[in-house]
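Right, one structure below, let's go through it.
Below, each value reflects all heavy atoms present in this structure, side chains not excepted, and no hydrogens, waters or symmetry copies. Predicted model only: the values in this text are computed from it and were never measured.
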Amino acid sequence: MTNTEIEITADLVRNLLQEQHPDLAGLAIREVAGGWGNQMWRLGDELAVRMQRMDPTPALQLKERRWLPVLAPRLPLPVPTPVRLGEPSERFPKHWTVMTWVSGEPLDHVSINRGAHAADTLAGFLRALHVEAPAEAPIATDRGAHPRDCTDGFDHFFHSVALEDLADDVRAVWDDAVAAPEWEGPPLWVHGDLHPANVVVSDGTLSGIVDFGDMFAGDPALDLAAAWVLLPAGTASRFFDTYARADEAAIRRARGLAAMKSLFLMLMGQNGDRGLPGGKPNWGPVGRAALDRVLKGV
């Protein structure tokens, strides 16, 4: 914690509720493990408080406040939806938001055992999300670009993770994605950060999607990478058949972006094993399993 960072505790959350939303202050408050840019606290059984923590600006949280109420009604899976707004104050000079709680366990702590159902569910969710965005929708500045514009990030992950005999195969997948044609359609709504900690699982299948702070309008290939990053082996083809809107070029771009995201997960796991800030030891095996699926193309 830096000397300018305020420690977020259950007492602080309750005091903020008493100041700005006193009718909610009597509900039980429980910390939710994980989170980096924002810290989450359960509020009763149906709500959560999202507290700006490491994010240097409130932009991502304000984006969720603006657009999730627009998107949520037409999405077929539960997503966190703002219900109350917490404004900066002398007690806590950052933004915080009371949102609906999405039930389930994060995928980086459990597994999917109903692969076909999960593939159909994810495809249906992305079909509903990936519609043309309005002109005022946010545009990505650091993600969502064509793979050829992401080579610096890929190279960083590629050289930071011990790939041994996999290196040539990973590079071939990436080079193919870089060579794929660009997205030529209109900018579509994209979640932008579909990895195992941002989806929840119940009864062996996907049951909710969280953390829309990186949503943007653009090429849907970044979300389509989830076919390999999230789903069990052997279900990517079913996902794309059900999604039914991805041409060969989109799949090539998505597969390369899935390779990059898998390397990122492996690096985060490696950092966790080394005790580095923000590292997550359990992400290493998750990332390696995803990379195996990417290389097999299934």
Side-chain angles (χ1 to χ4, degrees), residues 60 63 66-68 70-71 74-77 79 119-158 170-195 198-199 209 211-231 235-265 290-291 293-295 297-298:
L60 301 185
K63 189 196 304 185
R66 169 68 178 87
W67 293 108
L68 278 174
V70 175
L71 296 174
R74 59 178 176 77
L75 297 176
L77 286 176
V79 300
D120 291 346
T121 299
L122 180 62
F125 176 85
L126 291 180
R127 280 180 63 92
L129 176 63
H130 291 167
V131 299
E132 186 170 352
E136 63 271 25
I139 303 298
T141 57
D142 61 345
R143 63 181 65 217
H146 190 283
R148 67 167 167 265
D149 298 320
C150 304
T151 53
D152 288 346
F154 174 83
D155 287 342
H156 170 67
F157 300 143
F158 183 82
V170 174
R171 176 62 71 178
V173 168
W174 180 253
D175 288 345
D176 183 63
V178 169
E182 293 184 357
W183 168 253
E184 295 182 348
L188 305 185
W189 277 117
V190 179
H191 178 281
D193 199 20
L194 288 176
H195 62 70
N198 284 344
V199 301
I209 309 291
D211 198 345
F212 283 73
D214 288 310
M215 74 177 104
F216 65 90
D219 179 0
L222 185 60
D223 280 357
L224 299 179
W228 296 280
V229 175
L230 300 182
L231 297 175
T235 58
S237 294
R238 180 173 181 132
F239 165 84
F240 283 110
D241 287 345
T242 304
Y243 181 79
R245 295 178 182 170
D247 60 14
E248 179 188 3
I251 294 173
R252 289 167 62 192
R253 295 194 306 274
R255 190 171 174 224
L257 294 168
M260 183 170 69
K261 185 158 286 191
S262 299
L263 295 178
F264 164 73
L265 294 171
L291 186 62
R293 296 191 292 270
V294 169
L295 296 180
V298 297

N/O donor-acceptor pair under 3.5 Å between [X] side chain and [Y] backbone:
X: Arg74; Y: Ala128; value: yes
X: Asp219; Y: Pro187; value: no
X: His146; Y: Arg253; value: no
X: Asn198; Y: Asp193; value: yes

Do [X] and [Y] have side-chain heavy atoms sitting under 4.5 Å apart?
X: Leu68; Y: Met215; value: yes
X: Leu257; Y: Met260; value: yes
X: Val229; Y: Leu194; value: no
X: Leu122; Y: Tyr243; value: no
X: Leu129; Y: Leu71; value: yes
X: Pro220; Y: Trp183; value: yes

Parallel, tilted or perpendicular: ring planes of Trp174 versus Phe154, cut at 30 and 60 degrees: parallel
Looking only at non-hydrogen atoms, find the nearest pair between [X] and [Y] and report the distance.
X: Thr235; Y: Ala119; result: O-CB, 3.9 Å
X: Thr242; Y: Arg127; result: O-CD, 3.5 Å
X: Leu231; Y: Ala227; result: CB-O, 3.4 Å
X: Leu291; Y: Ser262; result: N-OG, 3.5 Å
X: Gly192; Y: Lys261; result: O-NZ, 4.3 Å
X: Ile139; Y: Ala217; result: CD1-O, 3.8 Å

Hey, could you give me the [atom1]/[atom2] distance between [X] and [Y], rounded to the nearest 0.5 Å?
X: His195; Y: Leu265; atom1: NE2; atom2: CG; value: 7.0 Å
X: Phe216; Y: Leu188; atom1: CZ; atom2: CG; value: 10.0 Å
X: Lys63; Y: Asp214; atom1: NZ; atom2: CG; value: 6.0 Å

For Asp176, all residues meeting side chain to side chain donor-acceptor pair (under 3.5 Å), sequence neighbours excluded: Arg252
Heavy-atom neighbours of Glu136 CD exceed 12 at 6.0 Å: yes
Trp228 ring center near Phe240 ring center (under 6.0 Å): yes
Contacts of Arg255 that satisfy salt bridge (Lys or Arg N to Asp or Glu O under 4.0 Å) - sequence neighbours left out: none
ring-ring contact (aromatic ring centres under 6.0 Å, His included) against Phe212, all qualifying residues, sequence neighbours excluded: His191
